[in-house]
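Numbering of ligands and ligand atoms starts at 1, following listing order. Residue numbers run from 1 in the order of the sequence given. When reading the values below, keep in mind they use all heavy atoms of this one structure, side chains included, and skip hydrogens, waters and symmetry mates.
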Amino acid sequence: MLQGKKIILGITGSIAAYKAAFLTRLLVREGAEVKIILTPYGKEFITPVTLATLSKNTVLTEFFKHDDGSWNSHVDLGIWADAMLIAPATANTIGKMANGIADNLLLTTYFSARCPVIVAPAMDLDMFRHPATLRNLELLRSYGNLIIEPATGELASGLEGKGRMEEPEKIVEWLKDYFKKKSRFSGKRVLITAGPTHEKLDPVRFIGNYSSGKMGYAIAAAFASEGASVELVSGPVQISLNNPAVNIQKVTSADEMNERATAIFPDMDIVVFAAAVADYKPENQLNSKIKRTSNNLILTLVPNEDIAGKLGRQRSENQVLVGFALESENGEINAAKKLSDKNLDMIVLNKLNVAGAGFDVDTNKIMIIGKDNNQKEFELKSKDDVAKDIINEIFNLMINRSYA
Ligand code: CTP
């Protein structure tokens, strides 16, 4: 899995830097091409000569080579790599990465890197559990960086606790697993509808719903991180997603969402209908503001197209279609009915009465129902983790189909 992979290994000033020598040897043995950047403090713990010998590449430590005036281009390095692994990563380096401080070659390379960045922290237990460190790690996660959690055990300080850099063998296993998963959906084209739709009433009012779009965006990011190319047709949301593998098409109304999704649908391998599409729109969309009177106001609403239902009728057998059902009662029965009415392969059921699940929260609790009515219930999790569960189920379905 690591054969030919180009890896930047960043080593910072921690006693765990000695383990980076084993890590380098293991990576090279797996066939990876390793270029090492050592921070100035890193050099106090392990020598460039050791690392250059093991990696078979010059170790980079400074911006400039003072003797001949040449410089190490962090931009080129960031573009070259398939992954940047920072192991060990000290609290200091993590803090600088989280907060935009770029005062050494490792950090400038981090800020220029276009590849996935994986961080293996190493520090004393009190440093690790300090709110500042935990907040900085959370920030790194929010930038899309991946964290290999430190292990619990004996620390260099003599104390026992969480903070030991994960063992080199485990880091290599983690990387192999990561690259294997990363390519699961490579070459697959995925369409995701997300967010609410706003149905215009007059120039200043609309009919909408509380959908935040978080679930659909999390699914888009999960597919993109595993090699898919994603079209995200999104209603109005307050989320930003910057991923070159995700093309966001912003729409406002159900009609626009229908039009965009329908246009690209035939080219898609997988479609996830995560949007909370308004079922109705005002019959008359007024160009001037409705004025207040003392009378009741009666609005006539007309149905919108059922996008999932319509595309379900147009689908080909090879496509995988996944819907959502948000139900307040008889969840399983209603969801199963939607699955068959809309001709889907799988439906994700959200029960409205479950605490922590639903529209405007960061967590969700789902049940996935398949065509043969098999039901799989999942724990309450972050929407990012729910997205991973959903794409795992889609992958399993595709594997089963290929053997059928
Ligand atoms: N959906 C859609 N277009 C619509 C309405 C729903 O594509 N106009 C999709 C949703 O994205 C979701 C699934 O259909 O994947 C089920 O949505 P839901 O609103 O629960 O179902 P409805 O068929 O609208 O049924 P109801 O609102 O009556 O429960």
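- Residue, atom and distance of the protein heavy atom nearest to atom 14 (O) of ligand 1 are K342 NZ, 3.0 Å.
- Heavy-atom minimum distance, C115 versus A81: CB-O, 3.3 Å.
- A donor-acceptor contact shorter than 3.5 Å links the side chain of K365 to the backbone of F378.
- Residue-to-ligand polar distances place F273 within reach of ligand 1: an N/O pair is separated by less than 3.5 Å.
- Any N or O atom pair closer than 3.5 Å counts here, and A308 shares at least one such pair with ligand 1.
- Looking at atom 12 (C) of ligand 1, its nearest protein heavy atom turns out to be F324 O, 3.0 Å.
- Between N364 and the options D385, N350, D384, a side-chain hydrogen bond (donor to acceptor under 3.5 Å, both in side chains) holds for only N350.
- For atom 8 (N) of ligand 1, the closest non-hydrogen atom on the protein side is E305 O, 2.9 Å.
- The protein heavy atom nearest to atom 5 (C) of ligand 1 is D279 OD1, 3.4 Å.
- Distance alone, capped at 3.5 Å, is enough to place a donor-acceptor pair between the T197 side chain and the A278 backbone.
- Contact between I270 and M398 at its shortest, heavy atoms only, is CD1-SD, 3.7 Å.
- In terms of protein heavy atoms, atom 3 (N) of ligand 1 is closest to I307 N, 3.0 Å.
- In this structure, atom 4 (C) of ligand 1 lies nearest to the protein heavy atom V277 CB, 3.5 Å.
- No more than 12 heavy atoms of other residues, nucleotides or ligands shown are found within 6.0 angstrom of OH on Y18.
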Q: Could you go through the side chain to side chain donor-acceptor pair (under 3.5 Å) check for N92 and Y41 one step at a time?
A: CA-CA 11 Å; N92 181 42; Y41 280 127; over 6 Å; no

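- Residue A275 approaches ligand 1 through these ligand atoms, each under 4.0 Å from one of its heavy atoms: 10 (C), 11 (O).
- Ranked by closest heavy atom to atom 29 (O) of ligand 1, the top entry among K310, K338, K281, M257 is K338.
- Atoms of ligand 1 lying under 4.0 Å from at least one heavy atom of G323, given by number and element, are 15 (O).
- Under 4.0 Å is where a charged nitrogen must lie from a carboxylate oxygen, and between K388 and E226 no such pair does.
- The heavy atom nearest to atom 2 (C) of ligand 1, out of those in L344, I192, L326, D306, is found in D306.
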